[in-house]
Q: 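Next up is a structure, given as structure tokens.
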Amino acid sequence: MGAIPPQDMKELVGKQLGTSEWLLVDQDMIDKFADATGDHQFIHVDEEKAKLTPFGGTIAHGFLTLSLFPVLMATSDCPRPAGVKMGVNYGGNKVRFLAPVRSGKRVRGHFKLLELDEKRPGQWQQTLEFTVEIEGEDKPALMAEWISQFFV
């Protein structure tokens, strides 16, 4: 779906907006995230030690999975608000890490519009339900209510 006026997007509140393409979460991505954040816990970066855990190998950081929101949204078929000049993250109402993403797995995002309000002329705030599906697994990696603002 293409760009639509923000006023028209209000009709989509309560509806699924779309799904992203699949994205591979590999060990290189996990290692780079560990370097960027300083979180080098062995369950993320030491394949031999991680094999001895219930995970059976290394897993992505929960915050790495959460940080995939922009790339998964960018590769989704979700409608976009028309005329956006800038967008910013505002925060989250809740985030739940439900299942680990094992190194080498593919994930994709599902997006549902929960709220959309014009805070002041040209400044919109949206709350999305963001679910990260792990290919071939029953349980999602995470579910979050994420709030962002965009300016038209």
Side-chain angles (χ1 to χ4, degrees), residues 1-3 6 9 12-81 84-117 119 123-152:
M1 188 178 282
M9 284 191 70
L12 300 175
V13 170
K15 297 184 176 149
Q16 292 292 331
L17 295 181
T19 302
S20 76
E21 296 177 4
W22 289 103
L23 176 71
L24 176 66
V25 178
D26 61 12
Q27 193 60 48
D28 184 55
M29 180 189 287
I30 295 168
D31 291 342
K32 287 177 179 171
F33 190 84
D35 289 342
T37 61
D39 182 352
H40 291 93
Q41 186 179 177
F42 78 94
I43 60 172
H44 305 302
V45 297
D46 188 327
E47 295 178 55
E48 291 307 310
K49 283 185 183 176
K51 284 180 187 175
L52 304 174
T53 70
F55 304 123
T58 55
I59 60 171
H61 306 70
F63 286 126
L64 166 55
T65 307
L66 180 61
S67 75
L68 296 175
F69 180 95
V71 69
L72 294 175
M73 177 56 87
T75 65
S76 77
D77 56 357
C78 294
R80 307 291 195 262
V84 173
K85 297 176 184 171
M86 176 180 69
V88 295
N89 287 316
Y90 190 72
N93 287 335
K94 60 182 169 182
V95 176
R96 298 292 182 265
F97 301 106
L98 302 170
V101 177
R102 290 169 177 77
S103 178
K105 283 290 203 167
R106 293 192 325 158
V107 298
R108 68 178 172 182
H110 299 273
F111 304 90
K112 179 180 180 180
L113 184 61
L114 299 178
E115 294 179 41
L116 181 64
D117 297 301
K119 294 302 195 182
Q123 180 183 349
W124 292 82
Q125 181 170 300
Q126 67 178 0
T127 304
L128 293 174
E129 181 182 86
F130 171 51
T131 304
V132 177
E133 174 188 4
I134 307 167
E135 188 175 38
E137 297 191 19
D138 295 330
K139 217 172 179 184
L142 74 79
M143 291 185 73
E145 283 186 11
W146 200 252
I147 308 164
S148 59
Q149 293 187 352
F150 58 88
F151 300 79
V152 295

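The chain is numbered in sequence order, starting from 1.
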Q: Of all the heavy-atom pairs spanning Arg102 and Phe55, show the shortest one and how long it is.
A: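 In terms of heavy atoms, the two residues are closest at NE-O, 3.2 Å.
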Q: Are side-chain heavy atoms of Ile43 and Thr53 found at a separation under 4.5 Å?
A: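 When only atoms from C-beta onward are counted, Thr53 and Ile43 do touch, with a gap below 4.5 Å.
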Q: By side chain to side chain donor-acceptor pair (under 3.5 Å), which residues pair with Lys49, not counting sequence neighbours?
A: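 Expected list: none.
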Q: Begin from the C-alpha positions of Leu113 and Leu128 and carry the test side chain to side chain contact (heavy atoms under 4.5 Å, CB included) through to its verdict.
A: CA-CA 5 Å; Leu113 184 61; Leu128 293 174; 3.7 Å; yes
Q: Please table the atom pairs, donor to acceptor, closer than 3.5 Å between any side-chain atom in residues 22-36 and protein atoms at least two apart or in another chain.
A:
residue	atom	partner	partner atom	Å
Asp26	OD1	Asp28	N	3.4
Asp26	OD1	Met29	N	2.9
Gln27	OE1	Thr58	OG1	2.4
Gln27	OE1	Ser103	OG	3.3
Gln27	NE2	Asp31	OD1	2.9
Gln27	NE2	His44	O	2.8
Asp28	OD2	Lys32	NZ	3.1
Asp35	OD1	His40	NE2	2.8

Q: Is there side-chain contact between Leu98 and Leu142, with heavy atoms separated by less than 4.5 Å?
A: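 Side-chain contact under 4.5 Å: no.
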Q: With sequence neighbours excluded, tell me which residues meet ring pair (Phe, Tyr, Trp, His ring centres under 6.0 Å) with Phe42.
A: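 Scan of Phe42 (ring pair (Phe, Tyr, Trp, His ring centres under 6.0 Å), adjacent residues dropped) gives none.
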Q: Below 4.5 Å, heavy atoms only, C-beta onward: do Phe111 and Ser76 meet side chain to side chain?
A: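 Of all side-chain heavy-atom pairs linking Ser76 with Phe111, at least one is under 4.5 Å.
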Q: Grab the two heavy atoms, one from Glu115 and one from Asp117, that are nearest each other, plus how far apart they are.
A: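 Shortest heavy-atom contact: OE1-OD2, 3.9 Å.
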Q: With Asn93, which residues qualify under side chain to side chain donor-acceptor pair (under 3.5 Å), at least two apart?
A: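 Glu145.
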Q: Taking atom types as modelled, is there a side-chain donor on His110 or Glu133 under 3.5 Å from an acceptor on the other?
A: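 Looking only at side-chain atoms, Glu133 and His110 do form a donor-acceptor pair, the distance falling under 3.5 Å.
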Q: Taking the side chain as C-beta and beyond, is there a heavy-atom pair between Phe69 and Val132 under 4.5 Å?
A: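 They are not in side-chain contact.
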Q: Mind checking the NE2-CG spacing from His61 to Leu66? Nearest 0.5 Å is all I need.
A: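 CG of Leu66 is found 13.0 Å from NE2 of His61.
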Q: Taking the side chain from Arg106 and the backbone from Gly104, do they hold a donor-acceptor pair closer than 3.5 Å?
A: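 No.
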Q: Not counting sequence neighbours, list each pair that qualifies as a salt bridge (charged side-chain N to carboxylate O under 4.0 Å, His left out) and has a residue in residues 59-75.
A: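 Every candidate salt bridge (charged side-chain N to carboxylate O under 4.0 Å, His left out) pair involving residues 59-75 fails, so no pair, neighbours aside, qualifies.
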Q: Would you mind reporting whether Val95 and Phe130 have side-chain heavy atoms less than 4.5 Å apart?
A: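 SC-SC contact between Phe130 and Val95 ruled out.
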Q: Between Glu129 and Lys112, does a salt bridge (charged side-chain N to carboxylate O under 4.0 Å, His left out) hold up when you go through it step by step?
A: CA-CA 5 Å; Glu129 181 182 86; Lys112 179 180 180 180; 5.0 Å; no
Q: Can you give me the closest heavy-atom contact between Gly87 and Val84, atom names plus distance?
A: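 Result for this residue pair: N-CG1, 4.5 Å.
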Q: Is there a side-chain contact between Asn89 and Trp146, using heavy atoms and a 4.5 Å cut-off?
A: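 Yes, close enough: below the 4.5 Å cut-off.
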Q: First locate atom CE of Met9, then atom CD of Gln126, and finally report the distance between them rounded to the nearest 0.5 Å.
A: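 Those atoms lie 6.0 Å apart.
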Q: OG of Ser20 to CG of Leu68: how many Å apart, nearest 0.5 Å?
A: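 Here the rounded value is 9.0 Å.
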Q: List for me each residue that meets ring pair (Phe, Tyr, Trp, His ring centres under 6.0 Å) alongside Phe97, sequence neighbours excluded, and say none if there are none.
A: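 Per chain and number, Phe97 pairs via ring pair (Phe, Tyr, Trp, His ring centres under 6.0 Å) with Phe63.
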Q: Nearest 0.5 Å, please: how far is CZ in Phe151 from NZ in Lys85?
A: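 Spacing of NZ (Lys85) from CZ (Phe151) equals 11.0 Å.
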Q: Nearest heavy-atom pair of Pro140 and Thr131: which atoms, and what distance?
A: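 Residues Pro140 and Thr131, closest heavy atoms: CB-CG2, 3.7 Å.
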Q: Taking the side chain as every heavy atom from C-beta outward, state whether Ile134 and Lys139 have any pair of such atoms under 4.5 Å apart.
A: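 No, every pair of side-chain atoms sits at 4.5 Å or beyond.
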